[in-house]
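As structure tokens, the structure follows; a few thoughts come after it.
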Amino acid sequence: MSSQPAVEVQDLRKEFIRRDGGGGVRHRRRRKRVAALHDVTFSLTRGECVAILGQNGSGKSTLVRLLSTLLQHDGGSAHVFGNDVFRRPRAVQRLVNRVSVEASFFKRMSPAENLSYSARFYGMTPRQSREAIPRILERVGFPPERRGEPMEDLSRGMQQKIALARALLVAPVLLLLDEPTTGLDPRSKLEVQGFIRSIREQHDATILLCTHDMAEAEALADRIGILHEGALICLDTADTLKRAYGAETVEAAFLAATGRQFEDEKEDE
Ligand SMILES: Nc1ncnc2c1ncn2[C@@H]1O[C@H](COP(=O)(O)OP(=O)(O)O)[C@@H](O)[C@H]1O
Ligand SMILES: [Mg+2]
């Protein structure tokens, strides 16, 4: 059990159909299959935190959505704690928790109500959840007097913390964090990052962190992967990446690896 990887992805492939508008003078419309992910292979050991860096459109969310059973794949395989993601989605759903930019909650319901809904989904008894929920909310530093307020009245940073707290109802857990701090103000961002770090120390959690924030990747992750146009071009420690690309910083290594400016958005042609 302990030697079993938390995540094992082999030659994973996902294609989307893209309709070309034809653009400009020629009004020919074509439909072509575009690989959003091709032949992605990697594994995570239990307890590890791996960051995936990639510019917009590189396939980060596609990878996260495949691993959380929200998308069908077009080739290869993926296992989470030994469970085949595409053949046993139910088992995988109980082990995986996705925290994305837009955390999904019942917005009119309180944090405590949202957590108890999830606890039921994860098969906790009412007694277990009565005990676990206040403990988790306390650990997130959530003010007790606000537990009954609707989610929609809370700040984005606070909502993100509740999203992470929700992920901690079960163990072991694979946390799939899809740009968890994008759009947060600097203070909330640091708080959420601090919380992610404390989760690692206190909980049986394995983390896949997709981000385009290099400092965040370096601060939180054991290894950093670079996803470029759907291909995972490397996955190693920050120091090894820097050495491999003769770079002083992770950012410089990223630029060398992808051969383009990070701010450049991928243009459809
Ligand atoms: N549902 C979809 N239909 C068609 N194309 C999609 C869909 N989702 C993603 N894509 C395409 O797949 C590629 C990867 O997207 P995504 O995984 O969202 O990247 P990232 O999260 O790194 O920004 C992009 O080219 C995007 O346009
Ligand atoms: Mg994305």
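Whatever order the structure lists them in is the order used to number ligands and atoms, beginning at 1.
Checked by distance only, ligand 1 and G57 come closer than 3.5 Å through their nitrogen or oxygen atoms. Taking any N or O of G59, backbone or side chain, at least one lies under 3.5 Å from an N or O belonging to ligand 1. At a 3.5 angstrom cut-off on N or O pairs, K60 counts as close to ligand 1. The N/O atoms of E179, backbone and side chain alike, include none that comes under 3.5 Å of an N/O atom in ligand 1. For T62, a nitrogen or oxygen atom sits less than 3.5 Å from a nitrogen or oxygen atom of ligand 1, counting backbone and side chain alike.
Remark: the E8 side chain and the S43 side chain contain no N/O donor-acceptor pair separated by less than 3.5 Å. Counted by atom type alone, E216 and T181 present one or more donor-acceptor pairs between their side chains at under 3.5 Å.
Within a 6.0 Å sphere centred on CD of E138, other residues, nucleotides and ligands contribute 12 heavy atoms or fewer.
Qualifying salt bridge (charged side-chain N to carboxylate O under 4.0 Å, His left out) partners for D204, counting only residues two or more places apart in sequence or in other chains: R46. For H38, there are no ring-ring contact (aromatic ring centres under 6.0 Å, His included) partners, not counting sequence neighbours.
Partner of T62 under the side-chain contact (heavy atoms from CB on, under 4.5 Å) criterion, out of E15, K14, H73: K14 alone.
The closest approach between a heavy atom of K14 and any atom of ligand 1 is not below 4.0 Å. Distances shorter than 4.0 angstrom occur between a heavy atom of S58 and an atom of ligand 1.
At a threshold of 2.8 Å, the Mg ion (ligand 2) has a backbone or side-chain N, O or S atom of S61 nearer than that distance.
Within ligand 1, counting atoms from 1 as listed, the ones closer than 4.0 Å to a heavy atom of N56 are 23 (O).
Checked for salt-bridge contact, R108 and E149 miss the test: no charged N lies under 4.0 Å from a carboxylate O.
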